[in-house]
A.B. asks: 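Before anything else, here's the structure in question.
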Amino acid sequence: MEEKKFKHSFLAKIENVNRNTLGFSQKINNYLKQFEMKNLTADNDNTFDRLLDLFRFTNFIVSDSGIINQENIQVIDKIKEIYTKNKRRNTKVYKKLIKFQNELFFLQQIKHNFGIYDEFNEKEARKLNNDIIQILREIFIRNVKVNNQSDKTTNIQENCVSFSEYLLSYCQSKFDNIDFLFYENSDEPKNPCDKETMLNFFQYRVLVEAWKYDDAKIAKDENGYIIDDVTNSTSFSQKITNMLLTDNTQIDSIYRTMKSISKNKRLSLKQIVDSYLMELGEDLYLNLRNSTNKDLLNKLRIYKVDDTSLQNIIKSVHTLKKESMKQFLFENKTLVSVEDAYKISDNYTLNKKNIERLIWNPQKDILDCPVVTVNNEKCFYLPAIILLNPEKLVYEYIKNEPVKEVINYRNKLESKNLDELKEKTFKNRSGKNFENEIAESLKKNKFEFVQNIKYGERHEYDILVRDKNNDLCMIECKTFETSFSKRMYRLQIDKLLSLKYIEKALRHFRKLKDKETLKNLEARFDKNSSTDSEKVFKDVDESKIYLIFVSNYIIPDTIKEKYPEICFIHWFEFLKIINKIDPNTISIYRNESMIPVSNPHPISISGFDRESIRRVGKISPTEQVYKHFIISKQMKNFKRANTTYKYFL
């Protein structure tokens, strides 16, 4: 990270700062020294804006455990002094800095209210965090009465980032104290101070996570401090992205029907396996909804991970889920040893390597890793098995596996490089698959386009297409890893800046407006891979070329506002527009059926054209549906230690 890079808005990756906070601190101080001799200008604002973001998203000032680095806080004072000396207190950056400074003060006050002492360190934080999670897990069996299992599991899966957060919220809303957490458990601390400290710390850690990664606002009123992670753009974007990735809310009626009937108990086990594999296909953009891709579906069935086929992994998990439900509800069991579980698994067993992947540790959520060690014996934690999503589990199993025989089946040009493809993983193939999904929809609807166009070493175009008005549209396709946490969402979204995804797309877009570039592209493009490249490049009006950034994530407004040249749009909405389907209505799975839910303020579109794309991209109909019909109805207030915590549940 050379000093000259501080001139750019991307500056550094979050992970790199966390790996070397000392080195990052030195670079910052060296950068700030130059303002002792020269004046601050508007050109420096992007750098300082990015620095403030990195101060928030990294562990440089506040760790994920909420430990505040008092020494590094001094950097905030130095930047404030620079802006004050240069009489730039009316700028957005200065106001952002003051807000950040105030919230840091509020965090320290909240920490004080929770009784967490200043000398509290990361080692103690991890210990308390581990202890409280172990205790909170017991709430499920001892205190949560499941009257309607389907409703309860749906509520937890769709409305919570993690199982632990659900338990904490349930605890706060239902009980005046936490004594019940310590009954009948001789291994847990008896000292009231200890258990109070544990719960206080856990609450503090959860709100710090919301503040750091969800842009949660902290304010003070007569009742205490309000931590609001519900009403801001980033929070909405993260939660809706998580819902879309989890629910696989697609536009294809055949796929929706398959997803719906997958819950029917009369379906054969083979049909259930195929349904989950189709959902896996959505995560990896394999287009399994296409009836011509039956061969690929069969390859996924027999694909082996740790010497066990995917279909047998799903069968085993499905059987365990059914039996776990019976033992949890009717026999009041919480744990079942792995050996005993094998007796009820109908010969579809997970092998030792499979089990190792499922062992819980404090860095993972128990929903993803439902195997715990009790008295040196591995046991399935039944509540987590019940809530486990087989499709999500298989995705985690397969994403880093070599593609092997399951290669990209559509791009014939790459068939020459089969050996290279076999070395690639499913995750790093998903980006190309995602681009192919969009291209295939364009082809089906008879749009003229070219795909994967290279122009020199520095320029590459995913898709160039003529819209319904014959205007040329550049489509940048970008996928991010499936996110199931606030932190993961933030790390993925930050790649738009730190890996210069946006910067590169804009550079290519601006180059595209040059007539000479268009001529070169047409001359160099391999016409055999295009529907009709001549129709794409002929008689282009450069003034009407526009750029679409299509992604599997909802992009927060804080990023959209910085790049008005780009239309950011979620791929579900884009495919709806291409396929002439109203993007104002989505289908949500409820009570074993698909229910259409509509945007209360529908956006009018006229098909795939510049104006419709910009209108949908600016105000996402899908986002509006979730805001008005799901999230806004689930805001709850929790009060503890003079702190009002407005939390999403």
Side-chain angles (χ1 to χ4, degrees), residues 151 154-161 214-215 228-253 255-257 259-260 263 279 282-283 289 441 480 482-484 486 489 493 548-561 567-608 611-636 647-649:
D151 288 345
T154 297
N155 175 267
I156 296 173
Q157 285 176 315
E158 295 185 357
N159 298 339
C160 296
V161 173
D214 251 359
D215 282 349
D228 179 2
D229 75 331
V230 178
T231 59
N232 69 81
S233 167
T234 302
S235 179
F236 275 129
S237 299
Q238 185 273 324
K239 291 175 175 67
I240 295 168
T241 294
N242 182 58
M243 291 174 181
L244 290 172
L245 290 170
T246 304
D247 292 347
N248 293 298
T249 309
Q250 251 296 13
I251 62 172
D252 191 291
S253 59
Y255 171 72
R256 287 205 304 264
T257 301
K259 183 176 176 68
S260 179
K263 309 298 180 180
E279 294 188 29
E282 286 296 297
D283 286 331
R289 293 167 286 113
S441 290
F480 300 97
T482 301
S483 165
F484 295 100
K486 298 170 184 176
Y489 174 81
I493 278 291
I548 302 176
F549 196 102
V550 184
S551 172
N552 62 337
Y553 271 32
I554 298 286
I555 307 298
D557 291 342
T558 50
I559 290 181
K560 289 181 182 179
E561 291 165 357
C567 176
F568 295 93
I569 189 169
H570 194 278
W571 76 297
F572 290 168
E573 293 175 329
F574 186 55
L575 290 186
K576 284 184 179 182
I577 292 173
I578 294 174
N579 289 279
K580 301 176 183 177
I581 297 174
D582 183 10
N584 290 292
T585 300
I586 64 173
S587 295
I588 299 176
Y589 186 82
R590 289 289 184 277
N591 300 323
E592 301 190 6
S593 62
M594 300 299 290
I595 301 172
V597 183
S598 297
N599 179 10
H601 306 291
I603 300 168
S604 62
I605 64 166
S606 56
F608 179 17
E611 186 56 36
S612 294
I613 290 291
R614 288 196 175 279
R615 192 177 293 122
V616 171
K618 185 176 181 180
I619 307 175
S620 167
T622 302
E623 190 171 359
Q624 299 308 313
V625 170
Y626 276 101
K627 278 184 181 180
H628 290 284
F629 288 92
I630 298 179
I631 296 181
S632 62
K633 294 183 179 180
Q634 294 165 353
M635 292 168 57
K636 296 181 182 291
Y647 188 70
F648 168 74
L649 173 60

A.B. asks: Would a distance-only check, ignoring hydrogens and angles, find a side-chain to backbone donor-acceptor pair under 3.5 Å from Asn599 to His601?
C.D. replies: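 Side chain of Asn599 to backbone of His601: a pair is present.
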
A.B. asks: Quick check against the 3.5 Å criterion: does Ser612 have a side-chain atom that pairs as donor or acceptor with the backbone of Ser606?
C.D. replies: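 Checked: pair present.
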
A.B. asks: How long is the gap from CZ on Phe549 to CD1 on Ile569, to the nearest 0.5 Å?
C.D. replies: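 Rounded to the nearest 0.5 Å, the CZ-CD1 separation comes out at 13.0 Å.
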
A.B. asks: Kindly write out the residues that satisfy side chain to side chain donor-acceptor pair (under 3.5 Å) with Ser237, not counting sequence neighbours, or none if the list is empty.
C.D. replies: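 Residues passing side chain to side chain donor-acceptor pair (under 3.5 Å) with Ser237: none at all.
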
A.B. asks: Taking the side chain as every heavy atom from C-beta outward, state whether Pro583 and Ile605 have any pair of such atoms under 4.5 Å apart.
C.D. replies: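 Side chain of Pro583 against side chain of Ile605, heavy atoms only: contact under 4.5 Å found.
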
A.B. asks: Are the side chain of Arg615 and the backbone of Ser604 linked by a donor-acceptor contact shorter than 3.5 Å?
C.D. replies: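 Checked: pair present.
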
A.B. asks: List the steps and the verdict of side chain to side chain contact (heavy atoms under 4.5 Å, CB included) for Asp582 and Lys576.
C.D. replies: CA-CA 7 Å; Asp582 183 10; Lys576 284 184 179 182; over 6 Å; no

A.B. asks: With distance as the sole test, does Asn584 use its side chain to make a donor-acceptor pair with the main-chain N or O of Ile603 at under 3.5 Å?
C.D. replies: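 A pair under 3.5 Å: yes.
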
A.B. asks: I'd like to know if the side chain of Ser441 and the backbone of Leu575 have a donor-acceptor N/O pair within less than 3.5 Å.
C.D. replies: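 Checking the backbone N and O of Leu575 against the side chain of Ser441, no donor-acceptor pair under 3.5 Å is found.
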
A.B. asks: Once you round to the nearest 0.5 Å, how far does CG of Asp557 lie from CZ of Phe568?
C.D. replies: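 Taking CG in Asp557 and CZ in Phe568, the distance rounds to 11.0 Å.
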
A.B. asks: Check the angle between the aromatic planes of Tyr489 and Tyr553 and answer parallel, tilted or perpendicular using the 30° and 60° thresholds.
C.D. replies: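 Tyr489 vs Tyr553 ring planes: parallel.
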
A.B. asks: In Å and rounded to the nearest 0.5 Å, what is the OG1 to CD1 distance from Thr241 to Ile554?
C.D. replies: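 Thr241 OG1 to Ile554 CD1: 5.0 Å, rounded to 0.5 Å.
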
A.B. asks: Any heavy-atom pair between the side chains of Ile555 and Ile493 that's under 4.5 Å?
C.D. replies: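 Yes, close enough: below the 4.5 Å cut-off.
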
A.B. asks: So which atom in Cys567 and which in Gly617 form the shortest heavy-atom distance, rounded to 0.1 Å?
C.D. replies: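 Cys567 and Gly617 have their closest heavy atoms at SG-CA, 4.0 Å.
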
A.B. asks: Decide yes or no on side chain to side chain contact (heavy atoms under 4.5 Å, CB included) for Phe608 and Asn579, but give the supporting numbers first.
C.D. replies: CA-CA 9 Å; Phe608 179 17; Asn579 289 279; over 6 Å; no

A.B. asks: Would a 4.5 Å heavy-atom cut-off, applied to side chains only, mark Tyr626 and Ile586 as touching?
C.D. replies: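 Yes, side chains in contact.
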
A.B. asks: Got a second to check how far Thr622's OG1 is from Ile240's CD1, nearest 0.5 Å?
C.D. replies: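 So the OG1 of Thr622 and the CD1 of Ile240 are separated by 8.5 Å.
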
A.B. asks: Just by distance, do the side chain of Asn552 and the backbone of Phe480 share a donor-acceptor pair under 3.5 Å?
C.D. replies: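 Indeed, once roles are kept as given, a pair shorter than 3.5 Å links the two residues.
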
A.B. asks: Could you tell me whether the side chains of Glu573 and Ser620 share a donor-acceptor contact shorter than 3.5 Å?
C.D. replies: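 Result is yes, a qualifying pair exists.
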
